[in-house]
Number of protein chains: 2
Amino acid sequence: MRDLLFGSSRYGELLNSGEGIPTNILSQRLKHLEQAGIVERQDSTQPRSRYDYRLSEAGLKLAPAVRALAEWGHSEIAGTRPLPLQARRRK
Amino acid sequence: MRDLLFGSSRYGELLNSGEGIPTNILSQRLKHLEQAGIVERQDSTQPRSRYDYRLSEAGLKLAPAVRALAEWGHSEIAGTRPLPLQARRRK
DNA sequence: CGGTATCCACATTGATACTG
DNA sequence: CAGTATCAATGTGGATACCG
């Protein structure tokens with residue numbers, strides 16, 4: 001969710017966003033989030049990409065919570081990074 | 001954490017706060033949270049109580065995140081209740 | 001009152017290999 | 001590129017009984 005909020009929309013981007021998440025876990029999470037109505041998957045318009053993942057309306061509403069958690073982490077847990085100031089614009 | 005934020009400070013209160021949480025889980029979570037520096041336990045000054053649990057400084061800083069999550073739940077998930085407007089004052 | 005001790009079920013993560 | 005399949009390890013939650 002954090003990565004979807006801040007620019008990633010392709011599977012490969014999520015996979016290499018620094019988490020080191022395995023492919024099966026990522027795919028499982030995306031599936032769960034999609035079933036929960038938080039993430040939407042659509043065919044990609046981009047050249048080398050097949051799908052675009054984006055947050056649904058309900059998912060976008062979680063942005064403040066994600067941000068609050070990230071800020072807490074950054075202030076209380078060493079080695080965690082702050083979030084970008086703005087969610088990246090949709091293309 | 002939610003219950004600690006909104007008035008509960010005794011084990012029994014947390015146990016009967018509507019979650020239906022078993023004693024072993026509650027105690028385990030309190031232990032974890034204490035080790036994580038989010039919750040503090042101290043001897044109670046109250047008559048029939050032995051301990052008081054309260055959020056540490058770091059724990060209190062999670063309040064906005066807890067609130068944001070609760071608000072999301074209340075707006076998106078049927079049957080979840082909103083949070084009180086204010087955290088209850090310390091006695 | 002505030003916990004432990006068991007025991008079990010299920011969820012979650014992860015590494016790794018493979019596929020259309 | 002975007003996944004699935006497999007297997008093992010660990011985490012998490014829950015019911016229930018018991019304890020000082």
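Chain A is the first sequence line, chain B the second, and so forth, proteins listed ahead of strands; every chain is numbered from 1.
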Visitor: For DNA chain C, what residues of residues 33-45 of chain A have any heavy atom nearer than 4.0 Å?
Guide: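 Those residues whose heavy atoms fall under 4.0 Å from DNA chain C, taken from residues 33-45 of chain A, amount to none.
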Visitor: Go through the structure and list residues passing side-chain hydrogen bond (donor to acceptor under 3.5 Å, both in side chains) with B:E76, not counting sequence neighbours.
Guide: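 In terms of side-chain hydrogen bond (donor to acceptor under 3.5 Å, both in side chains), with neighbours along the sequence ignored, B:E76 is linked to A:K61.
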Visitor: Just how far is it from atom CD1 of B:I38 to atom CG of B:L30, taken to the nearest 0.5 Å?
Guide: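 Here the interatomic distance stands at 11.5 Å.
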Visitor: For B:S17, give me all partners under side-chain hydrogen bond (donor to acceptor under 3.5 Å, both in side chains), at least two apart in sequence or on another chain.
Guide: B:D3
Visitor: I'd like a list of close polar pairs between nucleotides 13-20 of chain C and the protein, N/O only, cut-off under 3.5 Å.
Guide:
residue	atom	partner	partner atom	Å
C:dT13	OP1	A:R29	NH2	3.0
C:dA15	N6	A:N24	ND2	2.1
C:dG20	N2	A:R50	NH2	2.2

Visitor: Mind checking the CG-CD1 spacing from A:L15 to A:I25? Nearest 0.5 Å is all I need.
Guide: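 With rounding to 0.5 Å, CG (A:L15) is 11.5 Å from CD1 (A:I25).
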Visitor: Would you indicate, yes or no, if D:dA2 has its OP1 or OP2 atom less than 4.0 angstrom from a side-chain nitrogen or oxygen of A:S27?
Guide: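 So the side chain of A:S27 is outside the cut-off, no N or O lying under 4.0 Å from OP1 or OP2 of D:dA2.
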Visitor: Please report the closest heavy-atom contact between B:D52 and B:S44, naming both atoms and the distance.
Guide: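 In terms of heavy atoms, the two residues are closest at OD1-OG, 3.4 Å.
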Visitor: Under the rule for side-chain hydrogen bond (donor to acceptor under 3.5 Å, both in side chains), what residues qualify as partners of B:R2, not counting sequence neighbours?
Guide: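 By the side-chain hydrogen bond (donor to acceptor under 3.5 Å, both in side chains) rule, B:R2 matches B:E19.
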Visitor: A:D52 CG to D:dG3 P: how many Å, rounded?
Guide: 11 Å
Visitor: Starting at atom CG of A:L14, determine the distance to atom C1' of D:dA2, rounded to an integer number of angstrom.
Guide: 11 Å
Visitor: Just jot down the side-chain hydrogen bond (donor to acceptor under 3.5 Å, both in side chains) partners of B:K31, sequence neighbours excluded, or say none.
Guide: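 side-chain hydrogen bond (donor to acceptor under 3.5 Å, both in side chains) list for B:K31, sorted by chain: empty.
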Visitor: Is the phosphate of C:dT4 approached by B:K31 (side-chain N or O, under 4.0 Å from OP1 or OP2)?
Guide: yes
Visitor: Starting at CG of B:L26 and ending at P of D:dT12, how long is that distance when rounded to a whole Å?
Guide: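 Nearest whole value for this atom pair: 16 Å.
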Visitor: Grab the two heavy atoms, one from B:Y11 and one from B:T23, that are nearest each other, plus how far apart they are.
Guide: OH-O, 2.8 Å
Visitor: What is the distance, rounded to the nearest whole Å, between atom CG of A:L15 and atom C1' of D:dA2?
Guide: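 In whole Å, D:dA2 C1' and A:L15 CG are 9 Å from each other.
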Visitor: Rounded to whole angstrom units, what separation is found between the CG atom of B:L30 and the P atom of D:dG13?
Guide: 13 Å
